[in-house]
Amino acid sequence: MVRGRDSKEKMEYSSAPARIDGLSEQELAARAKAGEQEAFGELVCRLRDPVVRVVYRMCADGPLAEEAAQEAFLRAWQHLGRYRPELSFRSWVMGIAVHAAIDALRRERPAINVYEESLSAPPELGDGSAPAGESDGPEGAVLSGERARAVRRAVMGLAPASRAALVLREFGGLSYAEIAEVLNIPLGTVMSRLNAARTQLRRELANLLEGG
Amino acid sequence: MSEHVLGWIAGYHDGELTESRRAEVEAHLGACAECRSELEELRALSGLLETFEERPSSDLPVERSRTSREFGKQVMARLPERQVPRRERWLKWGWKLAPVGLFGVWAFFQAALWLAGGLRLAAGWIPGAAELVQSLAPLEGLMGRLPGGWMRGLLGSIPGLDGGLGWTPPVDVLELGLSAVIGILLLSWWTGEVLRRREVREKHKQ
């Protein structure tokens, strides 16, 4: 019985790429909006890494980022009817993911200590880049690790609203207009939040910025 | 030297300026060390943010694909029923609610008739009831034609049912029959919808 279901699942997943692999994200989104679960599944697989990457920078907690990313995709599915194709599907999901991350932080870690030295491990991401400091030898690795932790502390020290705008811009690559759309705020507010976030980060990371 | 463009530097850095504004900022940057330094700091900050700790699982594409597929499977297993937007919901449900509307109209006219009948009985001893009955007269006139008159006409056209049998079904029976048909239609739609939802839920559980 179980074996039968497993083989069915395997068949569904192995047949998916053959039919929808060549479709763009927007085409897949249109199909998913029409109720095609297979198209949505393909979108989830494609967008998992960028979404987790953005969410991780919102909450600095690997398991929480994974959970929030899953929650974001579930919310995206539920509200697909509200998705407008003028906005890229990727940007739309990232906006949902940022909200999911803020909710997850409120729910899971109401008293999060952003200055905590060893936060949980980051999620497994497959961007092919080398881990921080890996190629610089032990000393370089220590320095890179310290710098990464300082950056993480500074980002987590930002107000959630400013952090969301910064993360979507710097790590998600969204335009001001897209950020305004997904966070449902005016364009001017996006600019002021970005400015506030960058000013605070420049102040807190002044030593690292001066040291290069 | 032209005026500082500090207010435009972030927009320039983020690629958000119009063509003409960008040209303006670039021309200024060539001559102003202060604005250039501001831009360099923003670029340095973006570079520094890239070091936000991250640990890739593997450089192998196969491994990356496996992680994403696993994640996809987990999400798909938890997929809830989709929320239909209000407009789609109305299109889906609106026509199904038509019998309810019809029934409501019929119930309204019927209630008015009963009220008029009651008031006529009480016209002798309730002050003002006679006027009220008069005001309901047009409604009674309309009800005299609908649905009874219409139905009688229809039934009369069916050979053997009217005259031939020497019997015409009473209007009340016809109205009751019509209500029953509407009710059965409504009930069957609702039952179908409940069964469909149950089926979707079962599918998601699997």
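Order of the sequence lines sets the chain letters (A, B, ...), proteins ahead of strands, with each chain counted from 1.
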Just wondering, do [Y] and [X] contact through their side chains at under 4.5 Å, heavy atoms?
X: A/Phe89; Y: A/Leu28; answer: no
X: B/Tyr12; Y: B/Leu29; answer: yes
X: A/Cys45; Y: A/Leu43; answer: no
X: A/Glu25; Y: A/Leu47; answer: yes
X: A/Arg169; Y: A/Tyr176; answer: yes

*Scan side-chain atoms only and decide if B/Thr191 and B/Ser188 contain a donor-acceptor pair under the 3.5 Å cut-off.*
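No, B/Ser188 and B/Thr191 have no side-chain donor paired with an acceptor closer than 3.5 Å.
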*Please determine, by modelled atom types, if A/Gln200 and A/Ser162 share a side-chain donor-acceptor pair under 3.5 angstrom.*
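Absent: no donor and acceptor within the cut-off.
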*Would you say the ring centroid of B/Phe71 lies under 6.0 angstrom from that of A/Phe73?*
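They qualify: ring centres under 6.0 Å apart.
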*Apply salt bridge (charged side-chain N to carboxylate O under 4.0 Å, His left out) to A/Arg46 and list each qualifying residue two or more places apart in sequence or on a separate chain.*
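Testing A/Arg46 for salt bridge (charged side-chain N to carboxylate O under 4.0 Å, His left out), a comparison that skips the adjacent residues, returns A/Glu42.
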_Partner chain B: residue of A/Val155, A/Val151, A/Leu205 with the largest heavy-atom pair count (under 4.5 Å)_ =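 Winner by heavy-atom pair count: A/Val151.
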*asked:* Ignoring hydrogens, what is the shortest heavy-atom contact between A/Tyr83 and A/Lys33? Give both atom names and the distance.
replied: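 Between these two residues, the closest heavy atoms are O-NZ, 2.8 Å.
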_Using heavy-atom distances under 4.5 Å, tell me whether A/Ala150 contacts chain B through its side chain, its backbone, both, or neither._
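Answer is neither: A/Ala150 stays 4.5 Å or more from chain B.
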*So which part of A/Leu166 gets closer than 4.5 Å to some heavy atom of chain B, the side chain, the backbone, both or neither?*
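Side chain of A/Leu166 only, per the 4.5 Å heavy-atom cut-off to chain B.
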_side-chain hydrogen bond (donor to acceptor under 3.5 Å, both in side chains) partners for A/Gln70, two or more places apart_ =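 So A/Gln70 forms a side-chain hydrogen bond (donor to acceptor under 3.5 Å, both in side chains) with B/Gln74, B/Arg78.
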*Listed by residue number, which members of residues 35-43 of chain B have a heavy atom under 4.5 Å from any heavy atom of chain A?*
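Residues B/Glu38, B/Glu41, B/Leu42 are the ones that qualify, each having a heavy atom under 4.5 Å from chain A.
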*Residue-level interface, residues 178-199 of chain A with chain B, non-hydrogen cut-off under 4.5 Å*: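 Heavy-atom contacts from residues 178-199 of chain A to chain B are A/Leu194, A/Arg198.
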